[in-house]
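First the structure, in the form of structure tokens, and then the observations on it.
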Amino acid sequence: MSPTLISVQVGIPRTVLRDSEKVLTGIFKTPVQKRLRMRALNLEGDRQADLSVHGGQDKAVYAYPSEHYSYWKNELPGMELPWGSFGENLTTEGLLESDVGLGDSFTIGTAEVVVTQPRLPCFKLNLKFDRDDMVKRFLASRRTGFYFRVLREGEIGAGDEIVRVHQDENRVSISDALKIYLGEPDSDELRERALRVRYLSASWRKGFSQRA
């Protein structure tokens with residue numbers, strides 16, 4: 001069965017309290033039933049709060065595998081986890097970190113996207129789940145999801161097929177990219193390959209280059 005877009009979520013930043021301080025965050029997303037325009041910097045109706053670390057062309061749209069929800073339901077008993085719980089715009093089926101590569105491109109609806117990097121969680125994930133350990137647990141799980149850059153704007157909607165139209169020849173998966181980031185042994189060769197990926201995000205390219 002082909003990978004599928006299960007659900008689409010958007011949201012505008014809202015202010016929440018953290019240790020009595022106001023924090024603006026765009027992590028709260030709500031499923032949308034209609035088809036939406038996927039644009040170069042975001043989805044129609046979606047906004048990021050802190051553009052210094054979120055958004056931009058390299059992180060226009062965030063995708064998260066629906067397969068991970070069962071893991072988190074076991075990890076977080078009693079917590080409701082509707083689609084979009086991890087702040088993702090796109091909840092997918094059939095695309096996992098182990099087989100999605102940096103630089104792989106896909107068509108979704110009439111849009112085309114390319115994979116740029118894994119997601120590194122920030123403190124706002126702790127805020128969203130009201131837990132101090134959520135960022136640490138998220139990264140440790142390696143269930144990070146991944147960001148897309150939009151190569152061709154178009155319309156997307158839940159139920160759309162996700163078709164891989166190009167597999168990057170360097171074959172560095174999202175799981176591999178996390179191994180490099182976490183400094184695992186024997187990741188030097190992976191890092192060299194990752195640096196050859198045309199669409200590796202600028203921030204990850206800088207980080208990987210500095211380790212060389």
Side-chain angles (χ1 to χ4, degrees), residues 1-3 27 52-76 85-106 108 112-126 129 131-151 162-212:
M1 203 172 110
S2 298
I27 200 170
S52 66
V53 288
H54 300 290
Q57 284 191 327
D58 285 336
K59 296 194 283 185
V61 180
Y62 173 47
Y64 197 70
S66 61
E67 290 88 343
H68 297 337
Y69 274 76
S70 58
Y71 169 84
W72 289 114
K73 282 172 182 171
N74 287 330
E75 287 285 305
L76 305 168
S85 289
F86 298 93
E88 76 268 21
N89 300 112
L90 312 179
T91 311
T92 62
E93 183 176 73
L95 292 179
L96 294 175
E97 290 83 355
S98 55
D99 56 32
V100 169
L102 295 171
D104 287 1
S105 54
F106 299 85
I108 312 173
E112 184 177 344
V113 295
V114 63
V115 178
T116 57
Q117 66 166 78
R119 183 242 192 121
L120 289 183
C122 73
F123 74 92
K124 291 174 181 177
L125 196 65
N126 286 349
F129 284 89
R131 299 181 65 106
D132 291 336
D133 62 350
M134 197 58 200
V135 167
K136 190 176 173 184
R137 291 171 73 164
F138 190 81
L139 191 56
S141 77
R142 308 287 177 101
R143 294 166 168 84
T144 62
F146 35 89
Y147 280 104
F148 285 133
R149 179 185 181 119
V150 179
L151 295 178
I162 303 173
V163 180
R164 189 178 338 228
V165 290
H166 173 75
Q167 185 168 40
D168 186 86
E169 61 275 13
N170 298 290
R171 300 290 175 93
V172 182
S173 71
I174 289 295
S175 298
D176 290 335
L178 287 166
K179 288 176 188 173
I180 304 166
Y181 174 79
L182 294 167
E184 289 194 2
D186 305 321
S187 60
D188 286 354
E189 188 265 339
L190 273 177
R191 189 191 66 237
E192 287 172 18
R193 272 166 37 209
L195 285 167
R196 292 199 289 268
V197 176
R198 177 184 174 190
Y199 286 109
L200 175 68
S201 73
S203 59
W204 279 65
R205 184 176 300 282
K206 182 180 178 184
F208 286 174
S209 299
Q210 287 170 346
R211 293 181 185 210

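When a residue number appears, it is its place in the shown sequence, counting from 1. Keep in mind that this is a model prediction, so the values were computed, not measured.
Checked by atom type and distance alone, the side chain of Asp58 pairs as donor or acceptor with a backbone atom of Ala202 at under 3.5 Å. With Glu67 contributing its side chain and Gly94 its backbone, the two residues share a donor-acceptor pair below 3.5 Å. The backbone N or O of Val172 sits nowhere less than 3.5 Å from a side-chain atom of Asn170 that would complete a donor-acceptor pair. Without hydrogens or angle criteria, Asp104 side chain to Val115 main chain gives no donor-acceptor distance under 3.5 Å. A donor-acceptor pair is defined here as one N or O able to donate and one able to accept, closer than 3.5 Å; no such pair exists between the side chain of Arg149 and the backbone of Ala60. Remark: side-chain polar atoms of Arg191 are not paired, donor with acceptor, to backbone N or O of Gly183 under 3.5 angstrom.
For the atom pair Ile162 CD1 and Ile108 CD1, the distance stands at 4.5 Å (nearest 0.5 Å). The distance from the CG atom of Leu90 to the OH atom of Tyr64 is 14.0 Å, given to the nearest 0.5 Å.
Residue Asp186 places its CG atom among 12 or fewer non-hydrogen atoms of other residues, nucleotides or ligands, all under 6.0 Å distant.
A donor and an acceptor atom, one from each side chain of His166 and Glu112, are nowhere located under 3.5 Å apart. Counted by atom type alone, Thr91 and Glu88 present one or more donor-acceptor pairs between their side chains at under 3.5 Å.
For Phe148, the ring pair (Phe, Tyr, Trp, His ring centres under 6.0 Å) criterion is met by Phe146, not counting sequence neighbours. With sequence neighbours left out, Tyr199 forms a ring pair (Phe, Tyr, Trp, His ring centres under 6.0 Å) with no residue at all. Not counting sequence neighbours, the partners of Tyr181 by the ring pair (Phe, Tyr, Trp, His ring centres under 6.0 Å) test are Trp204.
Each of Leu139, Ile174, Asp176, Val100 was scored for a side chain to side chain contact (heavy atoms under 4.5 Å, CB included) with Pro118, with one residue passing: Ile174. No option in His68, Arg142, Arg143 other than His68 meets the side chain to side chain donor-acceptor pair (under 3.5 Å) test with Glu97.
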side-chain contact (heavy atoms from CB on, under 4.5 Å) evaluation trace for Ser209 with Leu195: CA-CA 7 Å; Ser209 299; Leu195 285 167; 3.5 Å; yes

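A salt bridge is absent between Glu192 and Arg196; no separation between the charged side-chain nitrogens and carboxylate oxygens falls under 4.0 Å.
Under the 4.5 Å side-chain criterion, counting only non-hydrogen atoms from C-beta, Ser173 is not in contact with Ser98. Considering only heavy atoms from C-beta on, Ser105 comes within 4.5 Å of Leu151 through its side chain.
Taking the six-membered ring where the residue is Trp, Trp72 and Phe138 present parallel rings, their angle staying beneath 30° rather than reaching 60°.
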